[in-house]
Every structure is written in structure tokens, then in C-alpha cells.
Chemist: 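After the C-alpha cells below, expect a handful of questions from me.
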Amino acid sequence: MEKLTYTHNDAAAKALAAFYETPPLAYVRSYGCQQNVNDGEKIKGVLQDVGYGLCDNVEHADLILFNTCAVREHAEQRVFGNVGALKKLKEQNPRLMIGVCGCMAQQEHIVEKLRQSYPYVDLVFGVDGIDRLPAMLAERIRKGKRYLEKPAERNAVVEELPIRRDSGFRAWLPIMYGCDNFCTYCIVPYVRGRERSREPAAILAEFRQLVEQGYKEITLLGQNVNSYGKGLEHPIDFADLLNLLCEVPGDYQIRFMTSHPKDASRKLIDTIAAQEHLCKHIHLPVQSGSDRLLKEMNRHYNVAQYMDLIRYAKEKIPGVTFSSDIIVGFPGETEEDFAATLDLIREVGYMQLFTFIYSKRAGTPAAKLPDPTTHAEKAARMDRLLKTQEEFAFAATAAMAGRTVRVLVEAAGRNEGTVNGRLDNNLVVEFKAPESLIGQWADVHITGSRAALLVGELAE
Ligand code: 5AD
Ligand code: SF4
């Protein structure tokens with residue numbers, strides 16, 4: 001693994017300044033997971049470092065970058081649609097540069113498609129290219145021809161990238177990159193490369209800075225945070241990293257994602273129970289409730305082991321809540337397999353489920369499996385899953401009435417004069433309050449609920 005430190009590229013900044021007649025604006029849009037959103041924030045930071053301003057309208061932009069996701073086919077199609085819509089803009093503004101980066105650009109067939117069918121795309125680079133973006137832009141200008149990188153695995157950790165965070169009170173903090181798990185349906189290990197952890201000192205320094213800057217919620221990111229620390233010179237585990245971070249004084253809370261059940265330890269659960277800064281909510285994707293499918297998915301746990309962990313957490317962490325990812329319609333999923341998933345979600349009682357219909361990803365082992373179930377059948381299963389989930393979640397939400405809770409106010413509410421605050425357990429409450437409260441803590445008395453949304457009033 002390469003360890004790199006970002007440095008300002010003065011030559012590229014000067015070349016860009018000479019190219020544009022007026023100070024240029026960049027539009028950056030990220031798709032997919034939080035890791036990608038955080039990469040997008042770094043892309044914006046790097047672009048600002050070489051003289052770009054930022055805008056949120058493609059029509060004002062001199063540079064348009066789509067930071068893409070490859071997890072499901074639907075997301076890829078959306079990107080091609082959005083890129084296609086830019087052709088006209090390019091005709092109006094010859095200095096406009098258009099780029100596609102991120103996970104899609106790590107796949108050879110995608111780069112080839114962009115090369116052949118989207119000639120107005122100037123720049124294509126993968127997930128390891130952010131620190132080199134200024135150099136790529138400068139080269140695009142200097143040579144006057146497209147810069148399309150062949151997907152390569154650099155497996156680097158780049159520290160000290162400039163960053164322009166989207167929020168002033170909630171921050172993403174990657175602690176590791178890549179994935180070594182090779183779940184059979186998943187493209188991530190192929191596009192994001194091998195698992196590699198950041199040094200605890202680098203994480204701690206960034207964490208401290210965030211707390212000093214007044215960030216109230218910090219979410220640690222990794223494809224499998226529970227295997228954090230492997231391969232470091234002085235290996236430490238994820239629970240100890242949490243303990244280290246929790247020593248930083250301040251008024252903040254920590255969340256983390258994603259936890260792979262096969263590596264979630266009892267020590268981690270004990271740590272969540274012991275540390276006040278840690279939210280009592282665990283995102284623990286199970287994917288399926290069928291042992292047969294879990295094996296086919298290469299998940300390395302079975303339902304009994306998963307339930308043991310859930311029971312242990314419920315016992316040790318009063319009021320703990322869970323969320324999960326579920327895949328519906330994995331190749332060969334039978335009615336019996338699916339029924340087992342429904343049983344499991346009833347037994348756990350998840351506050352939230354992120355549900356996905358299986359999407360075939362070229363190059364993954366599952367793509368070769370026979371998949372006789374029709375899309376209509378899969379969609380019908382999805383409906384049943386959502387209904388089962390709602391039964392629990394709506395009742396659990398309604399049962400919170402009467403409590404007073406502390407929330408982090410995160411956005412304006414849907415109704416005039418209201419704001420939304422997020423509870424420790426990840427539920428959202430809408431209540432009357434001025435928007436000036438966004439980004440602050442508030443104590444809220446819960447009065448009722450509408451479906452999965454709590455309603456309440458500001459406590460005195
Ligand atoms: N099809 C559907 N869902 C997928 N996920 C990952 N790969 C696929 C796929 N090929 C889901 C998993 C994972 C979440 C981030 O995306 O549930 O946990
Ligand atoms: Fe994909 Fe599995 Fe890695 Fe998650 S743990 S990123 S689902 S391979």
C-alpha cells in the first residue's frame with residue numbers, strides 16, 4: 001500500500017488560470033454511498049485549491065464532474081442519462097469540461113463506452129485519482145485532447161486532501177478504504193480495491209479538528225469498519241479506535257458504517273454500551289435471512305450467529321436500535337428463502353431497512369448464477385418486505401410518544417415553520433422551531449407520529 005500526502009499543484013493552478021477568461025466554476029455531483037459523498041467533498045476541496053469556485057447549476061459551470069456509483073445498474077443508467085443531457089451545454093460553451101469519475105470509471109467496459117459513445121466527455125478517472133485531478137485538468141488543456149484513464153488499482157491512502165464539507169455540523173470521516181470480502185453480488189471489491197486502514201493518528205487528528213470546528217455528529221466510514229486496523233504497523237481494532245476517539249473532549253456524537261456481522265465483536269458491543277459519545281444505533285446489514293443464501297452470498301455468518309449478536313446487543317445496550325440492508329431476489333432466491341428473511345426482520349425489529357432488488361453486476365460471481373425469478377415476482381416480494389417492515393417500524397415509532405429526547409436539528413421540516421431533528425436511534429422528529437436551530441442540539445417532547453416520522457414540540 002502506498003501512503004501519500006497531497007501537495008498543492010501550483011503549475012496546474014497557473015495553467016488553469018491562464019485557460020479561463022473569468023474565474024471558473026465547478027459543479028460536482030456525487031452518487032451512491034457516504035464514502036462517495038466524502039470523496040465528492042474532497043474533489044470540491046481540491047478544485048477550490050486550484051482556483052475553482054463551486055456552483056450547483058450545470059448551466060453556470062465551466063467544469064462538470066459526476067462522481068459515480070457502480071453498486072447497482074440503475075445508478076449507472078442514471079449517470080449515462082445525465083451525461084447525455086450535457087451535450088448541448090458543451091456546444092454553447094467550448095471551454096466547458098465534463099468529467100466522469102468514481103466507481104463506474106473503475107470498470108473497463110464503462111470507460112470504453114464513454115470513449116466511444118460520449119465524445120464530449122473530457123476526463124475519466126477512478127476512485128484513486130482525486131489528488132491528481134489538477135494535473136489531469138492541466139494536461140487536458142495543454143494537450144487539447146481527452147484524458148481517459150485506464151482503470152488501475154493504486155491501493156493508496158492519500159492524506160491531507162483539502163476538503164469542502166457539505167455540512168457545518170455533520171461530517172464524514174473515512175477510517176479505511178476498499179473491501180476484501182467479495183460478497184458474490186457486490187462490485188465494490190473490484191472497483192474500490194483492497195482493504196486498507198488509515199493510521200489512527202491521522203484519524204484522530206482529523207477527528208479532533210472536526211470537534212474543534214464545532215461538528216456535532218461524526219460518522220466513521222468504511223466498507224467493513226469492524227475489520228479496521230488489519231495491516232497497520234501497530235494493529236489496533238475498531239473498538240479501540242472508538243475508545244481512542246471518545247477521549248476527545250466535546251459535545252459530539254459518533255456514528256459508524258458499515259458493520260459486517262462476521263466481524264462485529266462482543267467487544268464492539270460492550271464499547272457502544274460504555275461510551276456516551278457513541279449512538280445507540282447499529283447499522284448491521286444482514287442481506288438475507290436464509291442460511292442457504294448467506295452461504296451463496298459468501299457472507300461468512302448464519303442466521304443463528306447474527307441473532308446471537310443482536311440478542312447480545314439488546315441485552316447490553318438499553319434501547320439499542322438496528323438498521324439493515326436487504327437484497328431481494330438474489331439469484332435462485334426461493335419463496336422459502338424469502339420467507340426466512342421476513343421471519344428474521346420480524347424477530348430483529350429494525351428501525352430502518354434499506355432494501356434493494358438484486359442487480360446483476362458484470363464480473364461478480366453471482367452474475368453467473370441462474371436467476372429464473374421474474375422481475376415482477378421480485379417486485380412483489382419487495383412489497384411484502386416493505387409492508388412487514390412498516391408494521392414494526394410504525395408501531396415502534398408510535399410507541400415513542402410521551403418521551404423527551406435530545407436531537408440534532410438537521411434540516412427544515414416539510415411543514416411551514418417546522419424543523420427536523422434526528423434522534424440517537426436515527427428516527428426523525430418534526431417540530432415547530434426556527435430554522436436558526438439547524439445544526440444545534442434541541443430537547444424535544446414527542447407527541448405522536450405519522451408513519452415513520454415522529455412529531456413533537458420543543459421542550460422548555
Ligand atoms: N444488487 C443489489 N444490491 C446490492 N448491494 C450491493 N450490491 C448489490 C447488488 N448487486 C446492496 C447491499 C449492500 C448495499 C450497500 O447495497 O445490500 O449492503
Ligand atoms: Fe460489498 Fe460485501 Fe464488501 Fe459490503 S462487505 S462492500 S457488500 S463485498
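Atoms within a ligand are numbered from 1 in the order they appear, just like the ligands themselves. The figures that follow rest on heavy atoms only: side chains count, while hydrogens, waters and symmetry mates do not. All of these numbers come straight from a predicted model, not from anything done at the bench.
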Chemist: Any idea which atoms of ligand 2 are less than 4.0 Å away from a heavy-atom of Cys186?
Modeler: 1 (Fe), 6 (S), 7 (S), 8 (S)

Chemist: Begin from the C-alpha positions of Asp371 and Tyr358 and carry the test side-chain hydrogen bond (donor to acceptor under 3.5 Å, both in side chains) through to its verdict.
Modeler: CA-CA 10 Å; Asp371 189 7; Tyr358 170 75; 6.0 Å; no

Chemist: Show which atoms of ligand 2 fall inside a sub-4.0 Å distance from at least one heavy-atom site of Tyr185.
Modeler: 7 (S)

Chemist: Between Glu336 and Arg292, does at least one N-O distance fall below 4.0 Å, as a salt bridge requires?
Modeler: no

Chemist: side-chain hydrogen bond (donor to acceptor under 3.5 Å, both in side chains) between Asp270 and Tyr312: does it pass, once the steps are laid out?
Modeler: CA-CA 9 Å; Asp270 295 341; Tyr312 186 74; 2.8 Å; yes

Chemist: Determine whether the side chains of Glu195 and Ser227 contain a donor N or O and an acceptor N or O closer than 3.5 Å.
Modeler: yes

Chemist: With a 3.5 Å distance limit and no angle check, can you tell me whether Asn181 reaches the backbone of Cys183 through a side-chain donor-acceptor pair?
Modeler: no

Chemist: Just go through Ile187, Val188, Asp180, Thr258 and tell me whose heavy atom is the nearest to atom 6 (S) of ligand 2.
Modeler: Val188

Chemist: When rounded to the nearest 0.5 angstrom, what distance separates CD in Gln223 from CG in Leu221?
Modeler: 9.0 Å

Chemist: Step by step, would you call Arg406 with Asp251 a salt bridge (Lys or Arg N to Asp or Glu O under 4.0 Å)?
Modeler: CA-CA 12 Å; Arg406 186 163 106 131; Asp251 194 11; 3.1 Å; yes

Chemist: Answer with side chain, backbone, both or neither: which part of Met297 has a heavy atom less than 4.0 angstrom from an atom of ligand 2?
Modeler: neither

Chemist: Please assess Arg115 against Glu112 for the test salt bridge (Lys or Arg N to Asp or Glu O under 4.0 Å), listing each intermediate value before the final yes or no.
Modeler: CA-CA 5 Å; Arg115 183 194 308 281; Glu112 211 32 54; 3.3 Å; yes

Chemist: Report, in ascending order of atom number, the atoms of ligand 2 lying under 4.0 Å from any heavy atom of Phe182.
Modeler: 8 (S)

Chemist: Mark the output for Arg192 as yes if a heavy-atom distance to ligand 2 is under 4.0 Å, and as no if none is.
Modeler: no

Chemist: What do we get for Tyr185 next to ligand 1 when only non-hydrogen atoms under 4.0 Å count, side chain, backbone, both or neither?
Modeler: both

Chemist: So do the side chains of Val111 and Pro151 get within less than 4.5 Å of each other, counting heavy atoms only?
Modeler: yes

Chemist: Would you mind reporting whether Leu114 and Phe80 have side-chain heavy atoms less than 4.5 Å apart?
Modeler: yes

Chemist: Any atom of ligand 1 sitting under 4.0 Å from a heavy atom of Val188?
Modeler: no

Chemist: Examine Cys183 and say whether one of its N/O/S atoms is closer to atom 2 (Fe) of ligand 2 than 2.8 Å.
Modeler: yes

Chemist: Using a 4.0 Å cutoff against the non-hydrogen atoms of Pro189, which atoms of ligand 2 qualify?
Modeler: 8 (S)

Chemist: Which bit of Val71 is near ligand 1, meaning a heavy atom under 4.0 Å away: side chain, backbone, both or neither?
Modeler: both

Chemist: Residue-level breakdown please: for Lys360 versus ligand 1, do any non-hydrogen atoms fall below 4.0 Å on the side chain, on the backbone, on both, or on neither?
Modeler: neither

Chemist: Within ligand 2, which atoms have a heavy atom of Asn181 less than 4.0 Å away?
Modeler: 5 (S)

Chemist: Using a 4.0 Å cutoff against the non-hydrogen atoms of Tyr358, which atoms of ligand 1 qualify?
Modeler: 1 (N), 2 (C)

Chemist: Which atoms of ligand 1 are found less than 4.0 Å from any heavy atom of Ile357?
Modeler: 2 (C)

Chemist: Would you mind listing which atoms of ligand 2 come within a distance below 4.0 Å of any non-hydrogen atom of Cys179?
Modeler: 3 (Fe), 5 (S), 6 (S), 8 (S)

Chemist: Could you tell me the residue and atom name of the protein heavy atom closest to atom 4 (Fe) of ligand 2, and the distance to it rounded to 0.1 Å?
Modeler: Gln223 O, 4.3 Å

Chemist: Which atoms of ligand 1 are found less than 4.0 Å from any heavy atom of Arg361?
Modeler: 10 (N)

Chemist: If you have a sec, work out which protein heavy atom is nearest atom 10 (N) of ligand 1 and how many Å separate them, to one decimal?
Modeler: Ser359 O, 2.7 Å

Chemist: Just one of Phe322, Phe256, Phe354 clears the ring pair (Phe, Tyr, Trp, His ring centres under 6.0 Å) bar with His283, so which one?
Modeler: Phe354

Chemist: Return yes or no for this condition: an N or O of Gln287 is under 3.5 Å from an N or O of ligand 1.
Modeler: yes

Chemist: Going by distance alone, is a donor N or O of one side chain under 3.5 Å from an acceptor N or O of the other, for Tyr306 and Asp291?
Modeler: no

Chemist: I'd like to know: is atom 3 (Fe) of ligand 2 within the 2.8 Å range of an N/O/S atom from His260, strictly under that distance?
Modeler: no

Chemist: Quick test: of every protein heavy atom, which one is nearest to atom 16 (O) of ligand 1, and how far off is it to 0.1 Å?
Modeler: Arg72 NH1, 3.0 Å

Chemist: Applying a 4.0 Å heavy-atom criterion (strictly less than), which segment of Thr258 is in contact with ligand 1: side chain, backbone, both, or neither?
Modeler: neither

Chemist: Report the C-alpha distance between Glu410 and Arg170 in whole Å, list the side-chain angles of each, state the deciding distance to 0.1 Å, and finish with yes or no for salt bridge (Lys or Arg N to Asp or Glu O under 4.0 Å).
Modeler: CA-CA 9 Å; Glu410 58 180 28; Arg170 285 192 304 182; 2.7 Å; yes

Chemist: Taking atom types as modelled and ignoring hydrogens, do the side chains of Ser323 and His281 form a donor-acceptor contact shorter than 3.5 angstrom?
Modeler: yes

Chemist: Ignoring hydrogens, just give me the one of Thr355, Thr184, Asp325, Val286 whose non-hydrogen atom is nearest atom 15 (C) of ligand 1.
Modeler: Asp325

